[in-house]
Protein chains: 2
Amino acid sequence: MTSKKIGTLAPMETLSMTDRVENILRDYFTENKFKPGDALPNELDMAKELNVSRNVVREALSRLRMLGMIEARPRKGMIMAQPDLFTGMEKVLNPFILGQNSLNEIFELRLIMEMGISEFLFARKTDQDLTALEAIVANQKDPVLASKEEEVAFHGKLYEMTGNETFKRFQTLLMPIFDHVFTEYSNKKTFVETSNPVTHYDLFLFLKNGTPDEFRKGMQRHLAVYFPVTETS
Amino acid sequence: MTSKKIGTLAPMETLSMTDRVENILRDYFTENKFKPGDALPNELDMAKELNVSRNVVREALSRLRMLGMIEARPRKGMIMAQPDLFTGMEKVLNPFILGQNSLNEIFELRLIMEMGISEFLFARKTDQDLTALEAIVANQKDPVLASKEEEVAFHGKLYEMTGNETFKRFQTLLMPIFDHVFTEYSNKKTFVETSNPVTHYDLFLFLKNGTPDEFRKGMQRHLAVYFPVTETS
DNA sequence: ATTTATACATTTGTCCTACAAATAAAATTA
DNA sequence: TAATTTTATTTGTAGGACAAATGTATAAAT
């Protein structure tokens, strides 16, 4: 196997000490099945063990602390913590930094999710939820053009009704991106006024009295303008 | 308004200098609309400007570097970079650290996404994709019990066929969690053998010759055992 | 002997200084 | 002008120092 192929040649990015220590620490936690609450060695011991300066260890630990992976109690030591899945993602969600392609793909993610929640909504909806949802759609004057507040409240409530906190948090984080891409849509494309648009109120009725299928079809028509063109409409 | 309410009393977590500098820097980038490629001030200037030590600045920068937000070229300076959305998330995806509740919710996320991709699959499927997918299902001996490799390959290919790189990457990251939760399912619950399960091959046929609705219904039955119980099945 | 007071050890957070390495820019020389 | 040398710049890494505060061990007092 003396092939000339030595990789893509690009990824020969020499990692810094900090990068390596960060990886080593994460691997160490995983291999030793560290669980929230478990105590970590102190910084100096780590530095000596790894033959690096305390600075390097602290930079690596600082990263893990930011992610919520570990917690440092001054003068007491560090312990493992329960990280939130999206803490890291939240910090890079900046439309000016993210590429346009990423932004568009995130927007598509929304379409996918809102088409997929139907079963969960019907499985977990409560009368209380429906009442709250009705209040949201009732606050709306113009039945066609929803206000931004109402738009956010309505769709947000749907995510909340899935009973999946992670899912809801994901949506809340992505919301600014949705809005950003939506604004671009509004500016660039001349909107094709659909003949009989499905309003939030229609969706509410589907959710209250209809079936998962009816609701999903309604949602699809509600979001129709954003979908890619399909042969079999 | 001289109420006695002074907050929840809990969130009085005094931020460290590093935490604050990290926030200040991110805000600074956002407010000044920093874009990938833009040059950053050097560390010493930042430290002087913010009245903190270079160590603190470096710890904060180290975090942003980890997220891919900035890039440091030794001896040349730092520039803004294009972060990957999920870099931070990837590092905390550790079943031993994440809570069981999070794990279950992530698993539900998968169900939601796979129910929602139908329209995208039909809008973007190519003959090449279908050929590749057919090869995957053809490799399978037992039509009912899919091997783990085939399972991963089939569902992974579906995500890939949406043409949404972000979506596909998300799924790849979450895969170990899916697998982890799935294993728990297998151990705890005695599986209810569905009378006529929908196989991957069935799904392939729906995707090739059917409609988005047919495919989605098939997918729902394929994943039925994992769904929450719905009144209107 | 029990309680109280004191001293000590521990550990993170922050600051400081120093220097290597390597590149780009500037200055010098041919 | 061209080639060479010098210098300045900036990140990466090392190492020392100390404050603060907490828990623990030690000493003192009743």
Side-chain angles (χ1 to χ4, degrees), chain A residues 10-26 28-29 32 34 36-83 87, chain B residues 9-26 28-29 34 36-83 87:
Chain A
M12 182 46 207
E13 35 178 321
T14 172
L15 295 180
S16 70
M17 284 295 175
T18 302
D19 290 333
R20 285 196 272 176
V21 169
E22 183 213 318
N23 291 334
I24 288 170
L25 288 179
R26 284 210 324 279
Y28 172 72
F29 297 149
N32 293 79
F34 266 61
D38 290 353
L40 269 58
N42 70 48
E43 297 173 350
L44 271 175
D45 286 350
M46 289 181 179
K48 267 187 290 187
E49 181 76 26
L50 299 173
N51 259 304
V52 293
S53 74
R54 193 179 155 218
N55 277 350
V56 167
V57 171
R58 274 191 64 83
E59 285 192 17
L61 289 171
S62 182
R63 296 173 174 187
L64 304 185
R65 221 169 344 168
M66 175 192 65
L67 296 177
M69 225 172 158
I70 66 179
E71 226 167 77
R73 286 101 38 95
R75 301 165 283 294
K76 297 184 75 177
M78 294 174 291
I79 58 170
M80 222 60 196
Q82 279 226 356
T87 303
Chain B
L9 204 51
M12 182 48 210
E13 35 177 321
T14 171
L15 295 179
S16 69
M17 284 295 174
T18 302
D19 290 332
R20 285 196 272 176
V21 169
E22 184 213 317
N23 291 334
I24 287 171
L25 288 180
R26 282 209 325 278
Y28 172 72
F29 297 149
F34 266 61
D38 291 353
L40 269 58
N42 71 47
E43 297 173 350
L44 272 174
D45 286 349
M46 289 182 179
K48 268 186 290 185
E49 182 76 26
L50 298 173
N51 260 304
V52 294
S53 73
R54 192 178 156 216
N55 276 1
V56 168
V57 172
R58 273 190 66 82
E59 284 193 19
L61 289 171
S62 181
R63 295 174 174 187
L64 304 185
R65 218 168 339 160
M66 175 191 63
L67 296 177
M69 225 172 157
I70 65 179
E71 226 168 77
R73 286 98 42 93
R75 300 164 286 291
K76 296 184 76 178
M78 294 176 291
I79 57 171
M80 222 60 196
Q82 279 227 355
T87 304

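The chains referred to below are lettered A, B, ... by the order of the sequence lines, with proteins before strands, and numbering in each begins at 1.
Of the candidate nucleotides C:dG13, D:dT13, C:dT14, C:dT14 has the atom lying nearest to any side-chain atom of B:Thr18. Candidate nucleotides D:dT13, C:dT11, C:dT14 were compared by shortest atom distance to the side chain of A:Arg75, and C:dT11 ranks first. Side-chain proximity of B:Asn42 to the nucleotides C:dT14, D:dT10, C:dG13 is greatest for D:dT10. In the set C:dT14, D:dG12, C:dT11, D:dG12 carries the atom at the smallest distance from any side-chain atom of B:Arg54.
Taking 4.5 Å as the limit, every side-chain heavy atom of A:Thr87 sits out of range of all side-chain heavy atoms of A:Leu67. Annotation: side chain of A:Arg63 is in contact with side chain of A:Asp19 (closest heavy-atom distance under 4.5 Å). With a 4.5 Å cut-off on side-chain heavy atoms, B:Leu50 and B:Val56 do not count as touching. Contact annotation: the side chain of A:Phe34 approaches that of A:Leu40 to within less than 4.5 Å [non-hydrogen atoms, C-beta and beyond].
Between the CG atom of B:Leu40 and the C1' atom of D:dT11 there is a distance of 13 Å, given to the nearest Å. The CZ-C1' distance, from A:Arg65 to C:dT14, rounds to 12 Å in whole Å. The nearest whole Å value for the distance from the CG atom in A:Asn55 to the P atom in C:dT17 is 15 Å. Protein atom CD of B:Glu59 is 16 Å distant from nucleotide atom P of D:dT11, rounded to whole Å. Distance, B:Met17 CE to D:dA19 P: 17 Å, rounded to whole Å. Distance, A:Asp19 CG to D:dG12 C1': 11 Å, rounded to whole Å. As rounded to whole Å, 15 Å separates atom P of D:dT10 from atom CD1 of B:Ile70. We find that CG of B:Leu44 is positioned 13 Å from C1' of D:dG12, with the value rounded to whole Å.
Here the closest non-hydrogen pair linking A:Pro41 and A:Met78 is O-CE, 3.5 Å.
Residue A:Arg58 places no side-chain N or O under 4.0 Å from the OP1 or OP2 atom of C:dT12. Residue A:Ser53 places at least one side-chain N or O closer than 4.0 Å to OP1 or OP2 of D:dA14.
Between A:Lys76 and B:Arg20, the residue anchored closer to the 5' end of DNA chain C is A:Lys76, taking for each the nucleotide with the nearest heavy atom. In terms of position along DNA chain D, the nucleotide closest to B:Arg73 lies nearer the 5' end than the nucleotide closest to the other residue of the pair A:Val56 and B:Arg73.
If you check every strand for non-hydrogen atoms under 4.0 Å, A:Asn51 touches sugar and phosphate atoms only.
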